[in-house]
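Below: the structure, in structure tokens.
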Amino acid sequence: MMAFEQIPQKDWYSILGADPSASISDLKQNYQKLILMYHPDKQSADEPAGTVEECIQKFIEIDQAWKILGNEETKKEYDLQRHEDDLRNLGPVDAQVYLEEMSCNEDDHSFSLSCRCGGKYSVSKDEAEVVTLISCDTCSLIIELLHYS
């Protein structure tokens, strides 16, 4: 798995000119259009050197964005990290909870914990390996998910 923890990330969706809800097919179309537009071989010989260098940097960024968003697993990790970053910006963490303190639901392979508002915090087993912040499905409270070492 790629690690995205605590690293300031570029907005790979905006680099591809796409919305986070875009399908892989739409992302691929945007990638192909942009990669052709900024490909070093497509640049005119009479362009100033600075402009060519900017195009090459843009080409590299577009390629990096596709490497992350064009793969289901890395896209999912990136999306989870974006969601966690959004939660981190919402406000302080209400509590720290160990995964082992949460109820395990074997039917849908998830963990859950009741919130004081009556809602619940829930996370899938796969997501629990990656995320550290979980929001309540009803209110704005956030918990930090901890793991025993």
Q: Enumerate the residue pairs fulfilling salt bridge (Lys or Arg N to Asp or Glu O under 4.0 Å) with a member in residues 112-124, sequence neighbours excluded, ordered by first and then second residue.
A: Asp94-Arg116
Q: Go through the structure and list residues passing ring pair (Phe, Tyr, Trp, His ring centres under 6.0 Å) with Phe111, not counting sequence neighbours.
A: none
Q | Gap separating the CG atom of Leu16 from the CG atom of Asp63, nearest 0.5 angstrom | A | 10.0 Å
Q. Can you name the residues that form a side-chain contact (heavy atoms from CB on, under 4.5 Å) with Ser14, not counting sequence neighbours?
A. Asp11
Q | Expected output: side-chain Glu77 to main-chain Val130 donor-acceptor under 3.5 Å | A | no
Q. Listed by chain and number, what are the salt bridge (charged side-chain N to carboxylate O under 4.0 Å, His left out) partners of Asp79, not counting sequence neighbours?
A. Lys75
Q) Does Gln64 have any side chain to side chain donor-acceptor pair (under 3.5 Å) partners at least two apart in sequence or in another chain, and if so, which? A) none
Q.
According to side chain to side chain donor-acceptor pair (under 3.5 Å), who are the partners of Glu54, at least two apart in sequence or on a separate chain?
A. none
Q. Would you say the side-chain atoms of Gln57 and Glu61 include a donor-acceptor pair closer than 3.5 Å?
A. no
**Q.** side-chain contact (heavy atoms from CB on, under 4.5 Å) against Thr138, all qualifying residues, sequence neighbours excluded
**A.** Cys117, Cys136
Acceptor/donor pairs from residues 99-109 side chains to any protein atom, 3.5 angstrom cut, sequence neighbours excluded:
from, atom 1, to, atom 2, distance (Å)
Glu101, OE1, Tyr98, N, 3.4
Asn105, OD1, Asp107, N, 2.9
Asn105, ND2, Asp108, OD1, 3.4
Glu106, OE1, Lys125, NZ, 3.4
Glu106, OE2, Lys125, NZ, 3.4
Asp108, OD1, Ser110, N, 3.4
Asp108, OD1, Ser110, OG, 2.6
Asp108, OD2, Ser110, OG, 3.4

Q: Rounded to the nearest 0.5 Å, what's the gap from CD on Gln32 to CD on Gln29? Could you check?
A: 7.5 Å
**Q.** For Ser25, all residues meeting side-chain contact (heavy atoms from CB on, under 4.5 Å), sequence neighbours excluded
**A.** Ser23
(Q) Between Gln81 and Val131, is the side-chain contact (heavy atoms from CB on, under 4.5 Å) condition met? List the steps. (A) CA-CA 7 Å; Gln81 184 62 47; Val131 299; over 6 Å; no
Q: Could you tell me whether the side chain of His147 and the main chain of Ala128 form a donor-acceptor pair under 3.5 Å?
A: yes
Q) Any ring pair (Phe, Tyr, Trp, His ring centres under 6.0 Å) pairs touching residues 29-72, not counting sequence neighbours? A) Tyr31-Trp66, His39-Phe59
Q: Answer yes or no: is there a donor N or O on one side and an acceptor on the other, between the side chain of Tyr78 and the main chain of Trp12, under 3.5 Å?
A: yes
Q: Let me see the working for Leu141 and Tyr121 under side-chain contact (heavy atoms from CB on, under 4.5 Å), right down to the final yes or no.
A: CA-CA 9 Å; Leu141 294 177; Tyr121 302 98; 3.3 Å; yes
Q: Please examine the side chains of Pro40 and Cys55, heavy atoms only from C-beta on, and report whether any two atoms are closer than 4.5 Å.
A: no
Q. Which value, rounded to the nearest 0.5 Å, describes the distance between Leu34 atom CG and Ile62 atom CD1?
A. 4.5 Å
Q.
Tell me whether Asp86 is salt-bridged to Arg82, with the criterion being a basic N under 4.0 Å from an acidic carboxylate O.
A. no
Q. Between CG of Asn30 and CD1 of Ile35, what distance do you get to the nearest 0.5 Å?
A. 12.0 Å
Q: First locate atom CG of Asp41, then atom CG of Leu36, and finally report the distance between them rounded to the nearest 0.5 Å.
A: 11.0 Å
Q. Short question: side chain of Ser112, backbone of Ser122 - any donor-acceptor pair under 3.5 Å?
A. no
(Q) Which residues pass the side chain to side chain donor-acceptor pair (under 3.5 Å) test with Asp137, not counting sequence neighbours? (A) none
**Q.** Atom pair CG (Asp85) and CG (Leu80), whose distance is rounded to the nearest 0.5 Å
**A.** 11.0 Å
Q) Gln96: what forms a side chain to side chain donor-acceptor pair (under 3.5 Å) with it, not counting sequence neighbours? A) Glu144
Q) Going through the distances and angles, do Asp126 and Ser124 end up as a side-chain hydrogen bond (donor to acceptor under 3.5 Å, both in side chains)? A) CA-CA 5 Å; Asp126 291 339; Ser124 73; 5.3 Å; no
Q. Can you tell which of Ile134, Val123, Val97, Leu145 makes a side chain to side chain contact (heavy atoms under 4.5 Å, CB included) with Leu113?
A. Val97
